[in-house]
> 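This is the structure I want to talk about, given as structure tokens.
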Amino acid sequence: MPPDSWRVGEVELTSRFLLGTAGYPSPAVLREAMLTSGSQVVTVGLKRQLAGGGDHGFVRMIGDTLRETGARLLPNTAGCTTAREAVQLAHMARELYGTPWIKLEVVGDEYTLQPDPVELAAAARELVQAGFVVFPYCTDDLVTCKRLLDAGCALLMPWGAPIGSGQGLVNPFALRLLRERLPNATLIIDAGIGAPSDAARALEMGYDAVLLNSAVSQSPDPVRMAGAFRQAIEAGRAAFRAGVMARQDFAVATTPVTGNPFLIG
């Protein structure tokens, strides 16, 4: 079977597991989880780092592990509530980390952490014009997603459920519709995934990848959970490529009672 790769601009990737770096018991556990996951894209919150005064040991460990694995860093604008704030933070991230990639987050509601579609689109347009490769964290709203693609975003990152909730894919109808209506767009499920089965389901539906953090970092055994997600993501993608059987509203006999059955021996 030929390699099953996907692209972000000129960058070719084979892992479909994007991993967050917040909330791990220790930098050592995070490092092992990164290695076990096989992830080629690791996200880090710049605002969290700045608020904490900058954990130089954490930053150095991340850098060393990225060099060891060849993975790429994806800074994010988590915690921003306006387009202006997100754009400023994105420019700061590009200066600090030397990458044009940015996971764009502009939150419009503190309770659900739901993205603000107006501020998000405004920030996306400005950042694309400034040469950024924008990964927008958005909802599963089709119209908002179309506007983000029209703004020049390289891909879309619709949520499965509110971030950190672990609820899985709460609106599979909307997610299937999004995949069907945007067949040529790169779509990554971001937020809300709680179990490896959620990630497998997303890949079975034809999504290109998943990004998750809490489901691994909050597990009693983050390293083993990272491995479980890696296997589930690979299985989900393999199932999509093979073709999942169509659902039926009634029973269909698997063994024929007429005609010529298969003979063994």
Side-chain angles (χ1 to χ4, degrees), residues 6 8 13 15-23 37 39-48 71-80 86 90 93 101-109 112-117 119-121 123-124 127 132-142 144-145 148-149 153-172 174-179 182 185-218 226 229-230 232-233 236-237:
W6 60 294
V8 178
L13 302 166
S15 171
R16 296 173 183 272
F17 185 0
L18 287 69
L19 185 65
T21 58
S37 72
S39 176
Q40 294 175 299
V41 180
V42 176
T43 185
V44 63
L46 179 58
K47 196 168 186 179
R48 175 171 58 88
R72 300 177 66 94
L73 187 67
L74 176 62
N76 68 54
T77 63
C80 293
W101 284 16
I102 191 74
K103 180 190 172 189
L104 180 61
E105 299 186 36
V106 186
V107 171
D109 180 73
T112 63
L113 298 182
Q114 181 171 330
D116 183 322
E119 295 292 301
L120 184 66
L127 290 173
F132 284 86
V133 178
V134 179
F135 295 55
Y137 165 57
C138 55
T139 65
D140 52 22
D141 179 72
L142 177 60
T144 298
C145 288
L148 290 168
L149 290 175
C153 292
L155 49 79
L156 298 172
M157 304 184 77
W159 68 358
I163 193 167
S165 68
Q167 295 182 37
L169 309 183
V170 296
N171 194 344
L175 294 175
R176 288 195 184 95
L177 179 64
L178 203 60
R179 179 69 283 177
L182 304 173
T186 298
L187 302 179
I188 301 172
I189 295 292
D190 177 18
I193 287 178
S197 55
D198 300 328
R201 188 180 182 193
L203 272 291
E204 288 171 4
M205 292 168 62
Y207 277 77
D208 296 282
V210 296
L211 189 155
L212 58 95
N213 182 84
S214 300
V216 172
S217 67
Q218 301 305 307
F229 268 103
R230 179 177 184 172
I233 290 165
R237 178 61 182 177

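Worth knowing before you read on, the calculation uses all heavy atoms, side chains too, and leaves out hydrogens, waters and symmetry mates.
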> Please check: side-chain N/O of S37 versus main-chain N/O of A226, any donor-acceptor pairing under 3.5 Å?
no
> If every non-hydrogen atom of C153 is compared with every non-hydrogen atom of A124, which pair is closest and at what distance?
SG-CB, 3.7 Å
> Nearest 0.5 Å, please: how far is OG1 in T77 from CG in L104?
4.5 Å
> Any sub-3.5 Å donor-acceptor pair from T21's side-chain atoms to T43's backbone N or O?
yes
> Let's go through L212 and I189 carefully: what are the C-alpha distance in whole Å and the side-chain angles of both, what is the deciding distance for side-chain contact (heavy atoms from CB on, under 4.5 Å) to 0.1 Å, and is it a yes or a no?
CA-CA 8 Å; L212 58 95; I189 295 292; over 6 Å; no
> Salt bridge (charged side-chain N to carboxylate O under 4.0 Å, His left out) for R179 and D208? Distances and angles first, verdict last.
CA-CA 10 Å; R179 179 69 283 177; D208 296 282; 3.0 Å; yes
> Below 4.5 Å, heavy atoms only, C-beta onward: do P162 and L113 meet side chain to side chain?
no
> Do you know the tightest heavy-atom contact between A232 and P196?
CB-O, 3.3 Å
> Say you draw a straight line from CG of L19 to CG of L74; how long is it, rounded to the nearest 0.5 Å?
11.5 Å
> If you define the side chain from C-beta out and look only at heavy atoms, does anything of F229 sit under 4.5 Å from I193?
yes
> Please examine the side chains of K103 and D190, heavy atoms only from C-beta on, and report whether any two atoms are closer than 4.5 Å.
yes
> Can you tell me which residue among T186, I188, L187 is in a side-chain contact (heavy atoms from CB on, under 4.5 Å) with Y207?
L187
> Are any non-hydrogen side-chain atoms of L155 and V133 less than 4.5 angstrom apart?
no
> In terms of the angle between their ring planes, are Y137 and W159 parallel, tilted or perpendicular, with boundaries placed at 30° and 60°?
perpendicular
> Keeping the roles fixed (side chain from S217, backbone from A22), state whether a donor-acceptor pair exists under 3.5 Å.
yes
> Determine whether L120 and C138 make a side-chain contact, defined as any pair of heavy atoms from C-beta on separated by less than 4.5 Å.
yes
> Between atom CG of L156 and atom CZ of F135, what is the distance when rounded to the nearest 0.5 Å?
11.5 Å
> If you measure from CD on Q40 to CZ on R16, what distance do you get to the nearest 0.5 Å?
10.5 Å
> Checking D198 now: which residues fulfil side-chain hydrogen bond (donor to acceptor under 3.5 Å, both in side chains) with it, not counting sequence neighbours?
none
